[in-house]
Amino acid sequence: AYGDLKLRQEESAREALTRVCSVIIGRYSNIYGPGQNLGKLQGLISRLALSTATRQPANIFVSLDTMRDYIYVDDAARLTLEWIEYAIRDSRSCLIVIIATGEPVALGQLIRLMQDVSRSRVPVALGTHASSSAQVLDLRMSPSTIPGQQAPTLMSLPAGIKRVYLDILQRSQRESAI
C-alpha cells in the first residue's frame, strides 16, 4: 500500500508539473548520518548506536536477514544536487532517479558492523509485531548514474556508522553532564 501511494504521488507530480517546470523524482534508499532526531523511532543505524551507547536494547521486529541499502546523508545530498544540475544542463522535463549505494546489507551484518565500530556488544531484543509481515525481506536498489559519469565515490558503511556512533556518544556525554 505504501509503495502504491508513492507511485500515485509521483504520477500526480508528473501530470501537474511537467508542462510547468522540470521534475526530478528521487527514490532514496535508507539515508543515515549524525544528528538524527533520536526522539523518533526511525533510523536503524542511529537506533543501534544509541542502544550501544546507552546499553538499552534496540527492539528489532524483522528478520536479521532483512536486506536494505543505506546511503550516508552527505552522499545523498551531493547526488541529489548532481542530478538537479544534470537535469538543468540537459533540459530534462522529467526524471526518476534512484539515490542509493547499490550495496544491500542484512540487518545481522549491520549489527556486526556496529559492534566492530563500537568495540562493544549491541544489546538487541528480538520480537514480533503485526507490521513485520508488511516488510519486504530483500529491498535491493540499483542506483541511477548520470550518463557519461563514473560511479560516484561514496562513504563506506563502516566509516559512516563510526560517525553516527561518535555523534551519539558525544550527545550522550553532553546530556549526562547537564
Side-chain angles (χ1 to χ4, degrees), residues 1-3 6 26-83 97-145 150-178:
Y2 177 80
K6 289 298 179 186
R27 295 178 180 169
Y28 292 83
S29 67
N30 294 281
I31 300 174
Y32 74 97
Q36 185 156 14
N37 180 350
L38 300 175
K40 295 181 177 182
L41 292 177
Q42 298 174 329
L44 184 57
I45 291 173
S46 293
R47 302 304 313 165
L48 291 173
L50 181 63
S51 292
T52 304
T54 64
R55 308 306 308 146
Q56 298 297 314
N59 294 313
I60 306 292
F61 299 107
V62 296
S63 166
L64 295 180
D65 293 334
T66 301
M67 303 286 286
R68 295 293 184 267
D69 186 293
Y70 297 90
I71 188 165
Y72 192 71
V73 64
D74 292 347
D75 291 333
R78 179 176 42 85
L79 292 172
T80 299
L81 288 173
E82 288 176 8
W83 276 106
V97 299
I98 298 173
I99 308 292
T101 64
E103 298 175 11
V105 178
L107 175 54
Q109 183 181 357
L110 199 62
I111 292 169
R112 283 190 298 280
L113 284 170
M114 183 60 71
Q115 289 177 169
D116 291 346
V117 164
S118 66
R119 295 190 175 110
S120 177
R121 190 171 164 89
V122 177
V124 172
L126 298 175
T128 59
H129 191 273
S131 66
S132 299
S133 62
Q135 294 289 324
V136 176
L137 186 60
D138 191 341
L139 190 59
R140 296 171 195 258
M141 299 181 80
S142 297
S144 302
T145 54
Q150 291 182 327
T153 302
L154 303 174
M155 172 81 62
S156 73
L157 188 56
I161 287 174
K162 184 171 185 174
R163 287 184 181 192
V164 171
Y165 178 68
L166 293 175
D167 171 65
I168 302 268
L169 280 180
Q170 288 175 346
R171 288 200 263 171
S172 295
Q173 291 169 354
R174 280 194 303 261
E175 289 176 12
S176 64
I178 294 176

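Keep in mind that what you see is a predicted model, and the values were worked out from it rather than measured. This chain uses plain numbering: 1 for the first residue, then up along the sequence.
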Which value, rounded to the nearest 0.5 Å, describes the distance between [X] atom [atom1] and [Y] atom [atom2]?
X	Y	atom1	atom2	value
Ser118	Leu169	OG	CG	8.5 Å
Thr52	Gln115	OG1	CD	7.5 Å
Ile45	Ile31	CD1	CD1	11.5 Å
Ser142	Asp69	OG	CG	9.0 Å
Leu110	Tyr32	CG	OH	9.0 Å
Ser51	Asn59	OG	CG	8.0 Å

message = How about CZ on Arg163, more than 12 heavy atoms from neighbouring residues, nucleotides or ligands closer than 6.0 Å, or not?
response = no

inquiry  = If you count every heavy atom of other residues, nucleotides or ligands that lies below 6.0 Å from Arg119 atom CZ, does the total exceed 12?
reply    = no

Which heavy atom in [X] sits nearest to a heavy atom in [Y], and how many Å separate them?
X	Y	result
Pro104	Arg140	CG-NH1, 3.4 Å
Gln56	Pro123	O-CG, 3.8 Å
Gly33	Val164	C-CG2, 3.5 Å
Pro143	Gly102	CD-CA, 3.6 Å

remark   = The side chain to side chain contact (heavy atoms under 4.5 Å, CB included) partner of Leu44 among Leu107, Asn30, Thr66 is Leu107

key: Leu81 side chain reached by Arg78 side chain, heavy atoms, under 4.5 Å   = no

query = Can you check whether Val97's main-chain N or O pairs, donor with acceptor, with Ser144's side chain at less than 3.5 Å?
reply = no

query = Side chain of Asp75, backbone of Leu154: donor and acceptor closer than 3.5 Å?
reply = no

query = What do the steps show when you test Tyr72 against Ser156 for side-chain hydrogen bond (donor to acceptor under 3.5 Å, both in side chains), and what is the final call?
reply = CA-CA 8 Å; Tyr72 192 71; Ser156 73; over 6 Å; no

